[in-house]
Amino acid sequence: MSGDQDALPRWSFGDNPQLADELLALVLARTKTATCGALWQYEAEGSALPAAGERSVVLDRLGRPACVVETVEVTIKRFAEVDESWARDEGEGDRSLAHWRREHEAFFKLEGTFSSDMPLVCERFRLVELLESAR
């Protein structure tokens, strides 16, 4: 990995190692081109929201760098405002809105934060580079 990637933020998808690898595989297959998170989480952590043009390194379940992605769009949407197009671009399950709502509602309920009007940080991204652990 070049020095340029060393300076990039690093993160993994999901809330457990298995999910991290499952979602990473969808990114590597170019099926998953979007993700979202609760706005409150960014605020609680004092984290800046992602911005178009920013790049980051996505890690696998073992914390190994797998790829570089670039944010292409960030919007704030209420849970209930997420549409079929967004669900398809998140790439999970059968890619339907019904599946997206069911799985994301369950996830946010586990965190104790779900409501249909909760604001989400919705991020579209593109795969820029495969790194050693993904080859």
Side-chain angles (χ1 to χ4, degrees):
M1 189 164 67
S2 74
D4 289 344
Q5 284 106 6
D6 290 341
L8 296 177
R10 296 164 176 250
W11 52 274
S12 58
F13 286 100
D15 62 352
N16 65 70
Q18 180 180 344
L19 187 57
D21 275 358
E22 288 174 12
L23 298 179
L24 173 60
L26 294 173
V27 172
L28 298 178
R30 292 177 168 77
T31 302
K32 182 173 183 62
T33 59
T35 192
C36 70
L39 177 60
W40 74 264
Q41 191 168 20
Y42 288 88
E43 294 169 342
E45 295 171 356
S47 300
L49 297 182
E54 291 180 344
R55 291 184 174 194
S56 57
V57 174
V58 181
L59 307 173
D60 69 10
R61 71 183 297 143
L62 301 175
R64 297 176 302 195
C67 66
V68 176
V69 295
E70 180 179 11
T71 300
V72 296
E73 176 188 24
V74 178
T75 56
I76 306 296
K77 296 181 185 186
R78 303 255 177 230
F79 184 93
E81 295 172 332
V82 170
D83 60 14
E84 289 279 349
S85 173
W86 187 264
R88 181 188 65 247
D89 291 348
E90 280 219 29
E92 300 170 33
D94 64 6
R95 300 177 76 183
S96 70
L97 182 58
H99 179 272
W100 185 93
R101 285 187 175 157
R102 182 176 58 253
E103 295 300 313
H104 283 75
E105 180 176 337
F107 174 81
F108 291 124
K109 281 183 175 178
L110 283 175
E111 290 187 327
T113 63
F114 177 75
S115 76
S116 63
D117 67 342
M118 67 184 289
L120 302 176
V121 177
C122 297
E123 177 182 2
R124 291 187 191 277
F125 57 85
R126 68 181 185 95
L127 179 61
V128 174
E129 181 182 358
L130 294 179
L131 300 175
E132 194 59 37
S133 71
R135 293 185 183 150

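- Atom CZ of residue Arg102 and atom CG of residue Leu97 lie 10.5 Å apart, to the nearest 0.5 angstrom.
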Apply side chain to side chain contact (heavy atoms under 4.5 Å, CB included) to Arg126 and Arg55, showing your working. CA-CA 9 Å; Arg126 68 181 185 95; Arg55 291 184 174 194; 3.5 Å; yes

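- Nearest heavy atoms, Gln18 versus Glu22: NE2-OE2, 2.7 Å.
- Taking hydrophobic clusters as Ile, Leu, Val, Met, Phe, Trp and Tyr residues chained together by side-chain heavy-atom distances below 4.5 Å, Ile76 does not share a cluster with Val82.
- Within a 6.0 Å radius of CD in Glu45, more than 12 heavy atoms belonging to other residues, nucleotides or ligands are found.
- If you chain together hydrophobic residues whose side chains sit under 4.5 Å apart, Trp40 and Val74 never meet in one group.
- Atom SG in Cys36 sits 12.0 Å away from atom CG in Asp89 (nearest 0.5 Å).
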Can you give each donor-acceptor pair under 3.5 Å made by side-chain atoms of residues 113-123, sequence neighbours left out, with the distance rounded to 0.1 Å?
| unit_1 | atom_1 | unit_2 | atom_2 | d |
| --- | --- | --- | --- | --- |
| Thr113 | OG1 | Phe108 | O | 3.4 |
| Ser115 | OG | Asp117 | OD1 | 2.7 |
| Ser115 | OG | Met118 | N | 3.2 |
| Glu123 | OE2 | Thr71 | OG1 | 2.5 |

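- A pairwise comparison of heavy atoms in Pro65 and Val57 identifies CB-CG1, 3.6 Å as the closest pair.
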Derivation of the side chain to side chain contact (heavy atoms under 4.5 Å, CB included) call for Glu105 and Phe79: CA-CA 9 Å; Glu105 180 176 337; Phe79 184 93; 4.1 Å; yes

Would Leu131 and Val58 satisfy side chain to side chain contact (heavy atoms under 4.5 Å, CB included), going step by step from the backbone distance to the final call? CA-CA 9 Å; Leu131 300 175; Val58 181; over 6 Å; no

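- One hydrophobic cluster, built from ILVMFWY side chains closer than 4.5 Å, cannot hold both Leu49 and Trp86; they sit in different ones.
- Note that the CZ atom of Arg78 and the CG atom of Leu39 stand 9.0 Å from one another [nearest 0.5 Å].
- With 3.5 Å as the limit, one finds a donor-acceptor pair spanning the side chains of Ser96 and Asp94.
- For Asp21, the side chain to side chain contact (heavy atoms under 4.5 Å, CB included) test picks out Leu24, Asp60, Arg61, with sequence neighbours left out.
- Within the 3.5 Å criterion, the main-chain N or O of Ala38 finds no donor-acceptor partner in the side chain of Gln41.
- The closest side-chain heavy-atom distance from Glu84 to Trp100 is not below 4.5 Å.
- When atom types are taken as modelled, the side chain of Lys32 and the backbone of Ala34 share a donor-acceptor pair closer than 3.5 angstrom.
- In this structure, the separation between NE2 on His104 and NE2 on His99 is 9.0 Å, given to the nearest 0.5 Å.
- Each of Val27 and Val72 belongs to its own hydrophobic cluster when Ile, Leu, Val, Met, Phe, Trp and Tyr are linked at side-chain heavy-atom distances under 4.5 angstrom.
- Phe125 is connected to Leu19 through a chain of hydrophobic side-chain contacts under 4.5 Å among Ile, Leu, Val, Met, Phe, Trp and Tyr, so both are in one cluster.
- In this structure the side chain of Leu26 never reaches within 4.5 angstrom of the side chain of Phe13, judged on heavy atoms.
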